[in-house]
Amino acid sequence: MAALRAVIARKELSSQEEVIQALALEGFTVTQSTLSRDMNKLKIVKKMVSDGRSIYLLPEETLYKRVYQAYTLNDNPPVPGFVSMQFSGNMGVIKTKPGHAGSIAYHLDSAMPEGVLGTIAGDDTIFVVINQEIPIKQVSENITAALKSNQ
């Protein structure tokens, strides 16, 4: 369901077929019935936008707002094990392959990139608290540069 949240947050999709195709580009194969059930669980809704199209949206909660920048498995990852990075407000979530979060968070904490106040790592997820006075795009670039410099 995390991949579904990420796809809906990043793209304006109008049909379940478009969602299935977007998930396939991320490496996930889902059936229409599974997608429909997952969309219901996540309370994803369709809303008409200004140009007359209807697009899928996540609930209006802080953690589900559209992201400014997200890396995917298809992008060039800054370090081995890196999967994605998304921000909302002063929070960020870095997804990793299982078992990589601790080492990536260690490198991030060691580099102390501007705008990062601290991290908490699990097995495949790193929670990042950022300084709201620095633009998210700049913090994202600082994190990417810090991780690349620690390779």
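Remember, it's a predicted structure, so these values are computed and weren't measured experimentally.
Here the CG atom belonging to N40 is positioned 11.0 Å from the CG atom belonging to L35, to the nearest 0.5 angstrom. Put simply, CD1 on I104 and NZ on K97 are 9.5 Å apart, with the number rounded to the nearest 0.5 Å.
Hydrophobic clustering (ILVMFWY, side-chain heavy atoms < 4.5 Å, transitive): M112 and Y106 are in distinct clusters. A continuous path of Ile, Leu, Val, Met, Phe, Trp and Tyr side chains, each step under 4.5 Å between heavy atoms, connects V45 with I55, placing both in one hydrophobic cluster.
Not counting sequence neighbours, the partners of Q21 by the side chain to side chain donor-acceptor pair (under 3.5 Å) test are E17. Applying the side-chain contact (heavy atoms from CB on, under 4.5 Å) criterion to T34, with sequence neighbours excluded, gives T31, R37, D38. The side chain to side chain donor-acceptor pair (under 3.5 Å) check on T29 picks up nothing, with sequence neighbours excluded. Contacts of K46 classified as side-chain contact (heavy atoms from CB on, under 4.5 Å), with partners at least two apart in sequence or in another chain: S54, Y56. Applying the side chain to side chain donor-acceptor pair (under 3.5 Å) test to N142 and every residue at least two apart in sequence or in another chain returns Q138. Among residues two or more places apart in sequence or in another chain, the side chain to side chain donor-acceptor pair (under 3.5 Å) test is passed with Q16 by Q32.
Looking at I143 and I94, their side chains come closer than 4.5 Å, going by heavy atoms from C-beta outward. Side-chain contact between I44 and L4 is present, with heavy atoms from C-beta onward closer than 4.5 Å. Put simply, the side chain of V139 does not reach to within 4.5 Å of the side chain of P113, judged on heavy atoms.
Nearest heavy-atom pair, G122 versus A101, reported as atom, atom and distance to 0.1 Å: O-CB, 3.2 Å. Across all non-hydrogen atoms, the minimal contact from F28 to A3 is CE1-CB, 3.4 Å.
No donor-acceptor distance shorter than 3.5 angstrom exists from the side chain of S140 to the backbone of I136, with no hydrogens or angles considered.
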May I have the list of side-chain donor-acceptor pairs in residues 125-134 shorter than 3.5 Å, sequence neighbours left out?
unit_1, atom_1, unit_2, atom_2, d
T125, OG1, K95, NZ, 2.8
N131, OD1, E133, N, 2.8

_Under the criterion salt bridge (Lys or Arg N to Asp or Glu O under 4.0 Å), I'd like the reasoning laid out for K11 against E18: C-alpha separation, chi angles, the key distance, then a yes or no._
CA-CA 10 Å; K11 300 179 180 183; E18 288 178 4; over 6 Å; no
